[in-house]
Amino acid sequence: MRKAGQSLRLNLMRCALLVAILLTWEMASGVVVAEFFVSKPSAIGRALGSWLAGGNLFFHIGITALEAFTGFFLGASIGVVVGVVLGRIHILADLLHPFIIAFYSLPKIALAPLFILWIGIGIGMKITLTATVVFFLVFLNTYTGVRNVSRELESIMYLMGASERHVLTKVVLPSAITWVFAGLRISVPYALIGAIVGELIASNRGLGFLLANASGQFDTAGVFAALIVIMMLSFLLNALVRAAEIRLMPWKSAESQREVTI
Amino acid sequence: MSMAGPLIAFRKAGKTFHVDGRTVEAVRDIDLDVARGEFVALVGPSGCGKSTLLNMVAGLFQPSAGSITYAGTEVVRVNLKTGYMTQNDHLLPWRDVVGNIQVPLEIQGMPATQMRKRVASLIELVGLTGFEKSYPAQLSGGMRKRTALARLLAYDPETLLLDEPFAALDAQLRLNMQIELLDLSRRLNKSVLFVTHDLDEAAALCDRCVVFSPRPGTIRKIITSPLPRDRNLIRLRHDPAYQALAAELWDLITPTLALTRGEAG
């Protein structure tokens with residue numbers, strides 16, 4: 001366990017590093033590289049400030065967050081369910097294997113035009129795109145997790161008179177949850193990719209639109225400001241997944257706090 | 001089901017495994033009867049298929065030759081009358097000590113209050129008081145073993161299949177657990193198949209001791225213990241009958257040691 005003093009010092013050093021980077025950026029901009037390409041922190045701050053003052057920044061954040069979070073939740077839920085079902089029913093998994101691999105190797109973003117044809121350019125399209133991207137990552141992880149459940153543990157459970165349902169709830173799901181969370185964590189940035197790309201392709205709102213709009217007006221500061229907001233949204237989604245992980249897997253934190261012995 | 005017949009009967013039972021194109025014959029021609037309430041120890045060199053026999057009684061896989069019957073019925077699927085405890089404790093890492101012990105009780109659908117009481121008394125029995133909320137990863141090897149034993153006792157199977165259950169315990173604790181096990185198996189008339197490498201342990205606990213040859217395991221000798229069923233394990237060390245039995249086992253096993261040296265586990 002790291003001591004409180006140590007962690008405070010680490011955080012102070014991180015802040016100092018951030019300030020140093022921002023200062024270098026601020027002073028190098030327009031001297032080493034043209035300001036048009038890299039903008040400068042003060043200009044980015046002003047752009048953010050004016051969006052905040054204009055009041056529609058939160059509107060755009062809300063739209064993108066809605067798309068990313070809903071898509072993430074939908075894709076992850078369906079991914080877990082399908083992963084568990086195929087992980088337990090081997091015949092079905094063997095049957096579907098080539099089809100799944102074929103779909104998996106398709107870049108999901110390339111499906112965007114198809115989704116536009118099907119459901120238009122509204123929020124539904126971005127949610128569908130996000131859900132598709134997240135689904136595959138979570139599904140494959142869950143499937144692997146369910147397949148990796150210890151056969152010995154299952155046998156011990158059957159000897160205790162466990163039914164298929166008991167084995168599922170007491171062994172398979174808790175055992176696979178580590179893998180599910182691994183899938184969820186790598187899915188977070190991809191959820192944002194789905195939402196933002198959807199907005200870049202066709203939209204008049206959301207952070208992707210803000211980004212494309214600023215770029216279209218050669219407003220470099222605006223582009224950077226939009227990127228920072230996207231980063232913060234991703235950070236938030238990540239923190240939510242992390243919090244759920246700690247809450248749902250208390251034994252993991254117990255394991256990490258253990259003294260290492262050989 | 002005839003009460004007079006053996007509870008477990010091996011008839012010319014054999015098992016051959018096919019691993020990576022290789023064929024390994026684990027046990028061959030096993031003929032053995034185990035009576036209800038009998039404590040039978042299985043000893044022999046590593047890899048002579050003792051664990052394989054337990055697995056087959058549990059119905060985890062079938063013999064490739066001969067047959068195994070339990071209470072007059074051939075074992076062809078998971079045998080719910082047996083409880084298994086292996087060298088590995090097989091606890092659920094995501095459940096604490098209490099959670100692990102109550103798994104079989106949950107499966108039986110025992111009411112929560114009754115379950116709490118039962119688990120509390122088992123925790124006291126195996127000496128895990130104070131560790132109720134610990135996860136397996138936070139426990140020592142011995143404590144994990146004790147948790148697994150408490151879980152086994154919780155669901156109270158008719159026959160106990162024990163595969164070196166006390167190997168990881170320190171001497172005092174092992175003696176305590178042996179006393180508990182013997183007392184319990186006598187009181188509840190449990191049948192026990194007990195695999196061990198500890199010949200003194202086998203001599204102390206068994207009604208009969210089956211000595212195996214190296215792989216493919218065959219029965220070399222079955223020794224009936226001269227000790228009374230009601231025995232005092234603490235006083236046993238000074239009992240000449242016990243000493244003679246342990247010595248006989250040592251004499252049977254040591255000549256085969258040279259054959260299996262260098263073979264791990």
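Note that this is a predicted model, so its numbers are computed, not measured. Below, read A as the first sequence line, B as the second, and so on, with proteins coming before strands; counting in each chain starts at 1.
The number of heavy-atom neighbours closer than 6.0 Å to CG of A/Leu18, taken from other residues, nucleotides and ligands shown, is above 12. Within 6.0 Å of atom CZ in A/Phe69, more than 12 heavy atoms from other residues, nucleotides or ligands are found, so the atom counts as buried in its surroundings. A/Arg247 CZ: 12 or fewer foreign heavy atoms inside a 6.0 Å radius. The neighbour count for A/Tyr104 OH, taken as heavy atoms of other residues, nucleotides or ligands under 6.0 Å away, does not exceed 12. Within 6.0 Å of atom CZ in A/Phe181, more than 12 heavy atoms from other residues, nucleotides or ligands are found, so the atom counts as buried in its surroundings. Counting heavy-atom neighbours within 6.0 Å of B/Arg186 CZ, excluding the residue itself, gives a total above 12. Annotation: B/Phe61, atom CZ; neighbour count of heavy atoms from other residues, nucleotides and ligands within 6.0 Å is above 12.
Side-chain atoms of B/Trp94 come within 3.5 Å of backbone N or O of A/Lys170 as a donor-acceptor pair.
Taking NE2 of B/His90 as the reference point, atom OG of A/Ser150 lies at 6.0 Å (rounded to 0.5 Å). Taking NE2 of A/His166 as the reference point, atom CD of B/Gln108 lies at 10.0 Å (rounded to 0.5 Å).
Proximity to chain A (any heavy atom under 4.5 Å) is restricted, for B/Leu60, to the side chain, taken from C-beta onward. Proximity to chain B (any heavy atom under 4.5 Å) is shown, for A/Leu159, by both the backbone and the side chain. In this structure, the portion of B/Leu91 lying under 4.5 Å from any heavy atom of chain A is its backbone and not its side chain. For chain B, no part of A/Ser163 is nearby; none of its heavy atoms comes within less than 4.5 Å. At a 4.5 Å heavy-atom cutoff, the contact between B/Tyr155 and chain A is made by side-chain atoms alone.
The shortest heavy-atom contact between A/Met160 and B/Ile107 is O-CG2, 3.7 Å. Nearest heavy-atom pair across B/Tyr135 and A/Pro250 is OH-CG, 3.4 Å.
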Output, in order, the C-alpha distance, side-chain angles, deciding distance and verdict of side chain to side chain contact (heavy atoms under 4.5 Å, CB included) for B/Thr86 and A/Glu152. CA-CA 10 Å; B/Thr86 60; A/Glu152 286 82 8; over 6 Å; no
